[in-house]
Chemist: 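This is the structure, below, for whatever I ask next.
Position 1 is the first residue of the sequence, and the numbers go up from there.
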Amino acid sequence: MTTLTHAGDTLTRNALAVLQPGFDGTTAVPDWVRHRIDEGLASVSLFGRNVRTAEQVTALTAQLRAQRDDLLIAIDEESGDVTRLEVRTGSSYPGNHALGAVDDTTLTREVAADLGRRLAACGINFNWAPSADVNANPDNPVIGVRSFGSDPDLVARHTAAYVEGMQSSGVATSAKHFPGHGDTAIDSHHSVPVIDVDRDVLNSRDLAPFRAALAAGTRAVMSAHVLAPALDPDNPGTLSRRILTGLLREEFGYEGLIVTDGMDMQAIAGTYGFERGCVLAIAAGADAICTGGGPSDEGTVLRLRDAFVAAVRSGELPEERLADAADRVRALAGWASMSGAAEHSGGAPDTGIGLIGARRALTVTRGETYAAPVTEAPFVATFSPLPNIAVGDETPWGVTAELERRLPGTESATYSGEGSGSQALAAAGTRRIVAVVRDAHRHAWMADALQTLVAARPDTVVVEMGVPQSAPIGALHIATRGAARVCGEAAAEVIVAG
């Protein structure tokens, strides 16, 4: 009887250990989270809903750490467009595409180390970053500026630099999204994308940055909900034993943690079912289940715990596989607790490296009708596409706030869809127009709006904050390669200085 009770307790603890759930709240850790930690939960995840200020996050993680000192506390903090720690202000660091454009691995390493120190100061020791995806498809709706670029060698060397920089701060990295999400025209938050190229292309292009991440010592790799028929014609990466175990573990020799992308995303939950998908992922070779970006309640954790226990008892999921997965989570938690992250707690100095990087990433093109710098309060017309789920809609972006600070009286409006250019033109009146766009090459209505403005007002300033795929247009065209707060600041400096 004692043996059976102990076995059951171990099984339950292992089932909880592989989960990385989120929770609601900014000031107090819910009682249910405390109870589950006592019962074996080894990780929790923070999202934008948990963040108000750095000081508040530090206090929140201290409560979690008091419950278990080797707890993994994860966050999706890529910097650039995808920020959770600065979700309400915009990131203090440029994102991958800006860093790739500069192509200085020392800068990338320093930015990642600085961000890592800031995370560690807040009590966070596991970051679901960097994106190691090669942005091979210019129409990619979800990667874009989250990628270092479209050249595999460039992406590989900057992925390695990022891993080295961040982990030097005691924060574990998770190179994502294996085996690559760059050559897709579909967002896996909505359905299953397909990368239909042969193995040679995957080897030389998509997989190269992951090999670099492994060589740099990344402590984790995040799987993609992407179907790559050349690797597995039947299962997306997250649910593929061929990809997670055969390729990543056996062929690449990787021994670290494999964490899934969000399992509530429709590519998995909408196709296989939430609980079923999580069981299949662990069976395929994943070690940690990322959840909580959507569902963040106790019931979700209990349902997933019970699904793993039931799968083991039915024989669908080998108990040894679940135990191995749980051990890898605990091993990473042990590394994080001994890595020195705690030494950085209590505050991280602002080195200004983010703004330095954002300035270096700018490409400024002066048109044939280049006009004088903007010295009086302009009208800022922001042409905004629908945000993808990874970026979210909480984080402010653009140049309005920075121009208002420099040129009091600046006015602004946001537009979307057909006829936006005419609407902005009418609203601007006689004021100088600053038009802000994001991936104009992917939105015909946005490109039309720019043409309308420039035709009527040749002195229009254009700021492209996405991937600068379209030809420069306007009296002054500024490509920031990302919409982080510091990218907007760097652009504003140029707008007023000329």
Side-chain angles (χ1 to χ4, degrees), residues 80 89-95 97-98 101-102 145 352-384 396-415 420-441 446-447 449-498:
T89 61
S91 180
S92 299
Y93 304 92
H97 202 61
V102 177
V145 294
I353 190 67
L355 181 56
I356 291 170
R359 287 169 176 155
R360 292 181 64 187
L362 295 182
T363 297
V364 179
T365 306
R366 292 171 174 82
E368 294 180 4
T369 57
Y370 173 63
V374 178
T375 56
E376 297 182 356
F379 181 80
V380 180
T382 301
F383 298 96
S384 181
W397 66 282
V399 299
T400 300
E402 293 298 331
L403 286 178
E404 282 178 340
R405 188 160 64 86
R406 291 165 173 80
L407 300 171
T410 294
E411 295 188 19
S412 65
T414 300
Y415 303 94
S420 294
S422 297
Q423 296 171 33
L425 195 60
T430 59
R431 284 164 293 181
R432 187 85 176 270
I433 298 174
V434 177
V436 185
V437 295
R438 211 170 184 172
D439 291 341
H441 69 281
M446 196 181 293
L450 291 182
Q451 291 289 348
T452 298
L453 290 180
V454 172
R457 299 284 295 277
D459 63 347
T460 295
V461 174
V462 176
V463 183
E464 168 61 83
M465 304 195 81
V467 178
Q469 195 78 21
S470 301
I473 185 175
L476 182 68
H477 184 280
I478 304 169
T480 63
R481 295 180 171 84
R485 178 179 54 78
V486 287
C487 294
E489 185 174 351
E493 290 174 347
V494 174
I495 292 169
V496 299

Chemist: Find the distance between CD1 (Ile353) and OG (Ser92) and round it off to the nearest 0.5 Å.
Modeler: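 The OG atom of Ser92 is 12.5 Å from CD1 of Ile353, to the nearest 0.5 Å.
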Chemist: Looking at Ala484 and Gly80, what are the two nearest heavy atoms and their distance?
Modeler: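 Nearest heavy atoms, Ala484 then Gly80: CB-CA, 3.8 Å.
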Chemist: Could you tell me if the side chain of Leu425 sits less than 4.5 Å from the side chain of Ile433, heavy atoms only?
Modeler: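 Sidechains of Leu425 and Ile433: in contact.
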Chemist: Are side-chain heavy atoms of Ser412 and Thr382 found at a separation under 4.5 Å?
Modeler: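 No - every pair of side-chain heavy atoms lies 4.5 Å or more apart.
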Chemist: Please name the pair of heavy atoms, one in Gly421 and one in Ala449, separated by the smallest distance, quoted to 0.1 Å.
Modeler: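 Of all heavy-atom pairs spanning Gly421 and Ala449, the closest is N-CB, 3.6 Å.
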Chemist: Any heavy-atom pair between the side chains of His97 and Pro468 that's under 4.5 Å?
Modeler: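 The answer is yes; the side chains approach within 4.5 Å.
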Chemist: For Arg360, what residues pass the side chain to side chain donor-acceptor pair (under 3.5 Å) criterion, not counting sequence neighbours?
Modeler: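 In terms of side chain to side chain donor-acceptor pair (under 3.5 Å), with neighbours along the sequence ignored, Arg360 is linked to Asp104.
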Chemist: Mind checking the CZ-OG1 spacing from Arg457 to Thr430? Nearest 0.5 Å is all I need.
Modeler: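 Arg457 CZ to Thr430 OG1: 7.0 Å, rounded to 0.5 Å.
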Chemist: List the atom of Val145, the atom of Gly466, and the distance in Å for their closest heavy-atom pair.
Modeler: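 Looking at all heavy atoms of both residues, the closest pair is CG1-C, 3.5 Å.
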Chemist: When rounded to the nearest 0.5 angstrom, what is the spacing between OG in Ser422 and CG in Leu453?
Modeler: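 Those atoms lie 8.5 Å apart.
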Chemist: Give a yes or no answer on whether the side chain of Glu464 reaches the backbone of Asp439 with a donor-acceptor pair at less than 3.5 Å.
Modeler: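 Yes; judged by distance alone, with no hydrogens or angles, the pair exists.
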Chemist: Which pairs of donor and acceptor atoms, one on a side chain in residues 490-498, lie under 3.5 Å apart (sequence neighbours left out)?
Modeler:
{"unit_1": "Glu493", "atom_1": "OE1", "unit_2": "Arg359", "atom_2": "NE", "d": "2.9"}
{"unit_1": "Glu493", "atom_1": "OE2", "unit_2": "Arg359", "atom_2": "NE", "d": "3.4"}
{"unit_1": "Glu493", "atom_1": "OE2", "unit_2": "Arg359", "atom_2": "NH2", "d": "2.8"}

Chemist: Return the minimal non-hydrogen interatomic distance between Asp459 and Arg432, and the atom names on each side.
Modeler: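 That closest heavy-atom pairing would be O-NE, 2.7 Å.
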Chemist: For Val486 and Ile356: C-alpha separation, side-chain torsions, deciding distance, then whether side chain to side chain contact (heavy atoms under 4.5 Å, CB included) applies.
Modeler: CA-CA 9 Å; Val486 287; Ile356 291 170; over 6 Å; no
Chemist: Any heavy-atom pair between the side chains of Arg481 and Thr363 that's under 4.5 Å?
Modeler: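 SC-SC contact between Thr363 and Arg481 confirmed.
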Chemist: First locate atom CD1 of Ile473, then atom CG of Leu476, and finally report the distance between them rounded to the nearest 0.5 Å.
Modeler: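 The CD1 atom of Ile473 sits 13.0 Å away from the CG atom of Leu476.
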Chemist: Sequence neighbours excluded, which residues qualify as side chain to side chain donor-acceptor pair (under 3.5 Å) partners of Thr369?
Modeler: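 For Thr369, no residue satisfies side chain to side chain donor-acceptor pair (under 3.5 Å) once neighbours in sequence are set aside.
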Chemist: Once side chain to side chain donor-acceptor pair (under 3.5 Å) is applied, do any residues pair with Thr410, and if so which ones, sequence neighbours excluded?
Modeler: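 Side chain to side chain donor-acceptor pair (under 3.5 Å) list for Thr410, sorted by chain: empty.
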Chemist: Provide the closest heavy-atom pair for Val437 versus Trp397 in the form atom of the first, atom of the second, distance.
Modeler: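 Here Val437 and Trp397 meet closest at O-CZ3, 4.1 Å.
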Chemist: Applying ring-ring contact (aromatic ring centres under 6.0 Å, His included), can you list everything that pairs with Tyr415, at least two apart in sequence or on another chain?
Modeler: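 Once residues adjacent in sequence are excluded, the partners of Tyr415 under the ring-ring contact (aromatic ring centres under 6.0 Å, His included) criterion are Phe383.
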Chemist: Using the test side chain to side chain donor-acceptor pair (under 3.5 Å), find all partners of Arg431 that sit at least two apart in sequence or belong to another chain.
Modeler: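 So Arg431 forms a side chain to side chain donor-acceptor pair (under 3.5 Å) with Glu411.
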Chemist: I'd like to know whether Thr480 forms a side chain to side chain contact (heavy atoms under 4.5 Å, CB included) with Leu362, so could you lay out the CA-CA distance, the side-chain angles of the two residues, the decisive distance to 0.1 Å, and finally the verdict.
Modeler: CA-CA 5 Å; Thr480 63; Leu362 295 182; 3.7 Å; yes
Chemist: Can you tell me how far CZ of Arg438 sits from OG of Ser384, rounded to the nearest 0.5 angstrom?
Modeler: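 Rounded to the nearest 0.5 Å, the OG-CZ separation comes to 7.0 Å.
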Chemist: List the atom of Gly354, the atom of Pro94, and the distance in Å for their closest heavy-atom pair.
Modeler: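 So the minimum-distance heavy-atom pair works out to O-CD, 3.2 Å.
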